[in-house]
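Everything quoted here is computed from the prediction, not taken from an experiment. The sequence lines fix the lettering, A, B, ..., with proteins before strands; numbering per chain opens at 1.
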Amino acid sequence: MKNLVIVESPAKAKTIEGFLGKDFTVKSSFGHIRDLPSKQLSVDVENNYAPDYVIPKDKENVVKELRKLSKSAETVWLASDEDREGEAISWHLQEALGLTAEKTKRIVFHEITKSAILNAVENPRSINVDLVNAQQARRVLDRLVGYELSPVLWKKVKPNLSAGRVQSVAVRLIVEREREIEDFNAVSSFRVLAYFTVNGTEFRAELSKRFDDLKEAKAFLEKCNGADFSVSDLQKKPAKRTPAAPFTTSTLQQEASRKLGFSVSRTMRVAQDLYEQGKITYMRTDSVNLSDLALNTAKEEIGKLYGEEYSKTRKYSSKSKGAQEAHEAIRPTYMSVQKVDGDAAQKRLYDLIWKRTIASQMADAELERTTVTVGVSTSDLNFTAQGEVIKFDGFLKVYLEGTDDENEEQKGMLPDLSVGQQLKATKIEGIERFSLPPARYTEASLVRKLEELGIGRPSTYAPTISTIIARNYVVKESREGVERKYGYLALVDGAISEEVKTEIAGAEKSKLFPTDIGKVVTDFLVENFGEILNYNFTAQVEKEFDEIAEGQKEWTSMIDSFYKPFHETTVDTEKNSKKATGERLLGVDPDSGRNVYARLGRFGPMVQIGEADNEEKPKFSSLRAGQSMDDVTLEEALDLFKLPREIGEFEGEKLVIGVGKYGPYVRHNKSFVSIGDEDPLSITKETAIELIKQKREEAHKMIINEFQDGEEVIQVKIGRYGPYIAKGRNNYRIPKDVEANSLSLEDCKEIIEKQGDRPKRVSKRAKK
DNA sequence: CAGTGAGCGAGCTTCCGCTTGACTT
């Protein structure tokens with residue numbers, strides 16, 4: 001073999017191999033091939049921060065193969081991405097494969113086109129050690145922060161917690177937003193709207209002033225009664241709209257969330273599928289740049305589909321802070337492919353990417369914006385209305401970026417009007433409106449905020465969200481709003497009516513809420529490790545990484561000046577700070593006269609009666625799902641101690657209501673049945689029995705077939721992942737090509753036999 | 001799988017960024 005080319009992604013390897021011809025073998029490293037082992041710190045803080053890199057288990061085979069191939073190759077071309085991480089990947093490859101400088105060449109390209117790759121091969125260089133060192137600094141800093149902070153949390157808050165440069169700031173954003181919302185006081189005011197009809201077209205105008213209360217609004221409506229309305233001013237102004245830049249990872253996640261309702265991880269999964277099928281370019285990128293080839297084919301396509309006048313070639317440049325620009329923007333591989341085969345999600349996401357990319361290369365939309373002012377004969381106040389007419393649709397023909405602002409109103413067309421024209425108001429309304437608290441984060445808007453702060457990378461946005469949810473710092477939830485009353489006035493046909501209407505306020509769909517744990521951990525970290533929790537921390541260290549990359553700074557001395565004071569703080573905090581429990585005194589238990597607290601315990605949020613250092617031991621109870629340490633009342637806390645309770649007998653066995661790890665339940669003869677939304681304090685015996693019967697029926701429905709095999713029972717059942725065979729405590733997969741309904745006892749035994757002696761399924765508790 | 005929360009102490013947990021599959025009851 002003459003040439004071995006190593007890239008990061010296997011899909012990329014396949015494409016490039018086609019460009020390079022048969023003298024080149026192209027292989028993938030599947031990302032990083034060496035890393036710090038996760039079991040230990042693996043950074044020698046006594047010895048100039050020497051990192052201890054190892055080849056992880058799941059990369060052993062990759063490295064083995066690359067080592068073999070590189071031995072027989074004349075030249076090894078390291079073609080990982082041209083950013084900090086990519087440079088480090090090349091360096092680790094060189095080290096791990098034992099490559100000599102003579103036979104190794106480093107090449108880079110930003111777009112996967114034949115000319116870009118051939119050009120890269122013509123211009124090889126050697127590995128940029130400064131850039132590698134910047135990556136080592138990044139890696140070592142993250143390890144030191146994560147692996148020194150997390151153990152402090154285990155000691156001072158709760159085991160199994162984690163902290164890090166990225167995740168802890170993400171949680172802080174959510175915690176602080178929640179507190180802004182909690183502290184928010186809605187102010188109401190009266191908005192006045194007038195409806196006019198001209199030549200059969202109705203339009204709505206809003207009074208330039210809002211009134212503080214109903215009385216003022218009513219007084220104004222009384223003035224309007226019998227007044228004359230006329231157009232006092234009419235302004236027409238041309239305006240234009242410009243298309244959004246092509247997709248990056250972050251903007252794709254935001255648009256897929258707004259328009260398709262995809263979670264951040266779903267978007268990435270579907271995009272990965274499209275990428276592997278060669279339909280789109282790489283999906284983890286912070287670049288908005290399009291290759292010349294893409295610009296040209298987009299232009300061609302737009303001309304063909306919509307006409308030359310719709311085309312406008314635009315080059316975009318990134319403005320985001322940490323952008324490293326190793327790839328192109330996310331775009332269709334072939335601009336001429338308007339639709340793809342695949343499942344619905346793939347089709348929809350591709351459609352979004354195609355439209356966004358095409359629109360980014362289209363002409364501005366030209367509009368005419370009209371503002372009309374309507375005077376009132378009995379008042380100095382005016383009504384105004386805005387209308388918009390599209391003169392040339394331009395990119396709007398294809399695509400308009402979504403918005404997160406739920407209150408944005410669509411501007412429609414206004415009828416033809418002239419100054420001085422008399423108008424007749426068909427209706428004038430006074431509506432009480434409330435100011436809105438800041439919006440809670442969605443997954444996608446959190447990603448946007450993190451990107452804005454330069455925190456995290458395209459490959460980590462989705463995993464970061466998974467982590468903070470897995471640690472139970474944050475929950476993604478929908479919550480029902482509450483009914484709110486608002487005042488409403490209407491002036492119609494010379495009479496003013498007054499009403500109190502109701503609306504639903506504060507409803508949330510798939511938003512991120514902090515948990516009690518998230519709040520306690522954030523408060524603890526902000527108090528003790530303010531530097532790292534600072535929103536600018538990443539930006540600051542990034543600046544230093546850049547200096548290292550430019551050869552102006554030594555990476556170990558940068559780490560040293562960070563680590564020395566940081567380590568001292570961790571030691572000091574471990575020694576001197578009290579346990580962080582978020583304890584709150586709720587009041588006094590009337591039965592015992594002892595204090596009742598809400599606090600965070602080893603197993604999560606709980607309430608406690610009495611103190612630990614008292615003679616009488618304290619009593620404890622976990623909070624229930626939906627309850628929070630911040631707002632649980634004394635009464636609710638005392639209710640928690642009323643469980644478990646007996647509510648009667650059924651089939652000669654006791655019925656006991658309790659609340660466990662998986663929510664409220666009724667226990668009957670060793671079996672547990674979830675009671676769902678029923679209140680465990682008031683559920684009746686009849687309801688409980690009904691639920692038990694339902695559960696029995698459902699369990700019965702799961703059984704497709706049942707065989708007696710001597711002493712044992714073998715069942716064919718239908719579960720979440722399709723049909724399976726159950727014997728004793730063990731479950732067995734049914735091969736894909738087998739019809740579950742037609743399985744005989746012999747068939748089942750054969751399948752069980754084949755899958756063999758699997759380890760007996762044991763509960764986690766039993767293992768312990 | 002429906003408990004636990006004091007104290008004792010062993011042994012466990014943990015980061016961010018680069019990449020894909022294997023596997024699920």
Side-chain angles (χ1 to χ4, degrees), chain A residues 7-12 28-36 38-43 58-59 62 80-81 83-86 88-89 92 135 138-154 158-168 272 276 282 284 326 455-461 463-464 467 471 538 581 599-604 606-608 611-614 617-622 643-644 656-667 670-674 702 717-726 730-734 761 763-766 768:
Chain A
V7 295
E8 291 180 35
S9 138
K12 202 165 160 179
S28 156
S29 74
F30 293 84
H32 274 294
I33 51 132
R34 293 204 306 185
D35 193 16
L36 304 172
S38 63
K39 286 281 164 210
Q40 292 111 32
L41 184 66
S42 307
V43 174
D58 60 329
K59 289 292 163 61
V62 178
S80 48
D81 297 344
D83 56 10
R84 207 162 58 202
E85 298 297 327
I89 288 174
H92 280 300
Q135 194 273 348
R138 200 280 304 155
R139 181 70 191 91
V140 166
L141 178 102
D142 282 336
R143 172 52 66 91
L144 291 172
V145 169
Y147 274 44
E148 295 222 354
L149 275 191
S150 301
V152 179
L153 293 182
W154 304 341
K158 206 169 105 59
N160 302 314
L161 296 178
S162 66
R165 176 177 57 82
V166 173
Q167 59 169 289
S168 296
Q272 176 90 33
E276 283 172 11
Y282 197 57
R284 290 187 275 264
I455 299 172
R457 302 282 312 135
S459 67
T460 60
Y461 296 139
T464 298
T467 300
R471 296 274 172 275
T538 291
T581 63
R599 71 172 182 92
L600 195 63
R602 218 154 50 95
F603 305 105
M606 61 173 191
V607 286
Q608 172 180 339
E611 285 92 7
D613 47 7
N614 238 322
K617 268 174 70 173
K619 289 200 286 183
F620 305 97
S621 172
S622 288
L643 296 169
V656 180
I657 305 292
V659 175
K661 198 171 163 184
Y662 307 98
Y665 62 86
V666 52
R667 194 181 76 220
K670 282 183 193 161
S671 86
F672 292 85
V673 177
S674 167
M702 277 177 63
K717 294 166 98 174
I718 179 101
R720 264 200 299 165
Y721 303 98
Y724 64 98
I725 297 169
N730 284 334
N731 296 325
Y732 301 84
R733 264 195 315 279
I734 296 175
R761 275 158 38 78
S763 72
K764 272 187 192 169
R765 216 148 102 89
K768 270 190 188 169

>> Is it the case that the side chain of A/T581 and the backbone of A/L600 share a donor-acceptor pair, with hydrogens and angles ignored and the cut-off at 3.5 Å?
In response: no
> Picking from B/dG5, B/dT13, B/dC18, which would you name as closest to the side chain of A/M606?
Replying inline: B/dG5
>> Within the 4.0 Å heavy-atom criterion, would you say A/R471 contacts the bases, only the backbone, or no part of the nucleic acid?
In response: sugar-phosphate
>> Is the base of B/dT13 stacked against the aromatic ring of A/W154, taking ring centres under 5.5 Å apart and planes under 30° as the test?
In response: yes
> Are the side chain of A/Y147 and the backbone N or O of A/S38 linked by a donor-acceptor pair below 3.5 Å?
Replying inline: yes
> Does A/R139 make a side-chain donor-acceptor contact with the base of B/dC15, cut-off 3.5 Å?
Replying inline: yes
> Can you find an N or O donor on one side and an acceptor on the other, under 3.5 Å apart, linking the side chain of A/R138 with the base of B/dC16?
Replying inline: yes
> From B/dA2, B/dT13, B/dC18, pick the nucleotide closest to the side chain of A/I89?
Replying inline: B/dC18
> How would you label the contact of A/L161 with the nucleic acid (heavy atoms, under 4.0 Å): base, sugar-phosphate, or nothing?
Replying inline: sugar-phosphate
> So what does A/P151 hit on the nucleic acid, given a heavy-atom distance under 4.0 Å: a base, only sugar-phosphate, or nothing?
Replying inline: base
> Which nucleotide in the set B/dG3, B/dT20, B/dC18 lies at the smallest distance from any side-chain heavy atom of A/K59?
Replying inline: B/dC18
> Roughly how many Å is it from CG in A/D83 to P in B/dC16, rounded to a whole number?
Replying inline: 18 Å
> Contact class for A/R165 vs. all strands (heavy atom < 4.0 Å): base, sugar-phosphate, or nothing?
Replying inline: sugar-phosphate
>> Any base atoms under 4.0 Å from A/K39, or only sugar-phosphate, or nothing? Heavy atoms, all strands.
In response: base
> Does any N or O in the side chain of A/K59 come within less than 3.5 Å of the main-chain N or O of A/F30, such that one atom is a donor and the other an acceptor?
Replying inline: yes
> Given atom CG of A/L600 and atom C1' of B/dT4, what is their separation to the nearest angstrom?
Replying inline: 14 Å
> Among B/dT20, B/dA6, B/dC18, which nucleotide sits nearest the side chain of A/K617?
Replying inline: B/dA6
> What is the nucleic acid contact for A/V166, judged by heavy atoms within less than 4.0 Å: base, sugar-phosphate only, or nothing?
Replying inline: sugar-phosphate
>> With the six-membered base ring of B/dT14 as reference, does the ring of A/Y147 sit under 5.5 Å away with planes under 30° apart?
In response: yes
>> Between A/L36 and A/L41, is there a side-chain heavy-atom distance shorter than 4.5 Å?
In response: no
>> Within the 4.0 Å heavy-atom criterion, would you say A/Y461 contacts the bases, only the backbone, or no part of the nucleic acid?
In response: nothing
>> Over all strands shown, is A/S38 touching base, sugar-phosphate only, or nothing at heavy-atom distances under 4.0 angstrom?
In response: base
> If only atom types and distance count, is the side chain of A/S622 paired as donor or acceptor with the main-chain N or O of A/M606 below 3.5 Å?
Replying inline: no
>> Whole angstroms only, please: what is the CG-P distance between A/D142 and B/dG17?
In response: 6 Å
> When the distance from CZ of A/F620 to P of B/dG5 is rounded to whole Å, what number comes out?
Replying inline: 7 Å
> Could you state the CD1-C1' distance from A/I33 to B/dG17, rounded to the nearest angstrom?
Replying inline: 15 Å
>> I want to verify a distance call: between B/dT13, B/dT19, B/dG21, whose nearest atom is closest to the A/N160 side chain?
In response: B/dT13
> Within the pair A/S9 and B/dT19, is there a side-chain N or O less than 4.0 Å away from OP1 or OP2?
Replying inline: no
> Which part of the nucleic acid does A/Q135 contact within heavy-atom distance under 4.0 Å: base, sugar-phosphate only, or nothing?
Replying inline: nothing
> Between A/I455 (CD1) and B/dG17 (C1'), how many Å, whole number?
Replying inline: 15 Å
> Which comes earlier along DNA chain B counting from the 5' end, the contact point of A/S459 or that of A/K158, where each point is its nearest nucleotide?
Replying inline: A/K158
> To the side chain of A/S622, which of B/dG5, B/dT19, B/dC15 is closest?
Replying inline: B/dG5
>> Is there a side-chain contact between A/R284 and the phosphate of B/dT19, meaning an N or O under 4.0 Å from OP1 or OP2?
In response: yes
> When the distance from CE of A/M702 to C1' of B/dT25 is rounded to whole Å, what number comes out?
Replying inline: 8 Å
> Can you name the closest pair of heavy atoms from A/G146 and A/S150 and give their distance?
Replying inline: O-OG, 2.7 Å
> Under 4.0 angstrom, heavy atoms only, what part of the nucleic acid is A/G456 near: base, sugar-phosphate, or nothing?
Replying inline: sugar-phosphate
> Of all the nucleotides listed (B/dT19, B/dG17, B/dG5), which has the minimum atom distance to the side chain of A/F603?
Replying inline: B/dG5
>> Looking at A/R599, I'd like to know if its CZ atom is crowded, meaning that more than 12 non-hydrogen atoms belonging to other residues, nucleotides or ligands lie closer than 6.0 Å.
In response: yes
> DNA chain B: A/S168 or A/P159, which has the more 5' nearest nucleotide?
Replying inline: A/P159
> Which part of the nucleic acid, if any, lies within contact of A/Q608, taking any heavy atom under 4.0 Å across all strands shown: a base, the sugar-phosphate backbone alone, or nothing?
Replying inline: nothing
> In terms of side-chain heavy atoms of A/E85, which of B/dG21, B/dA2, B/dC18 is nearest?
Replying inline: B/dC18
> The side chain of A/D35 lies closest to which of these nucleotides: B/dT14, B/dT19, B/dG17?
Replying inline: B/dG17
> So, are A/D81 and A/R284 salt-bridged, with charged N and O less than 4.0 Å apart?
Replying inline: no
> Taking atom P of B/dG21 as reference, at what distance in whole Å does atom CD of A/E276 sit?
Replying inline: 6 Å
> Base, sugar-phosphate, or nothing for A/A88, non-hydrogen atoms under 4.0 angstrom?
Replying inline: nothing
> A/S150 side chain N/O closer than 4.0 Å to the phosphate oxygens (OP1, OP2) of B/dC15?
Replying inline: no
> For A/G164, which contact category applies under a 4.0 Å heavy-atom criterion: base, sugar-phosphate, or nothing?
Replying inline: sugar-phosphate
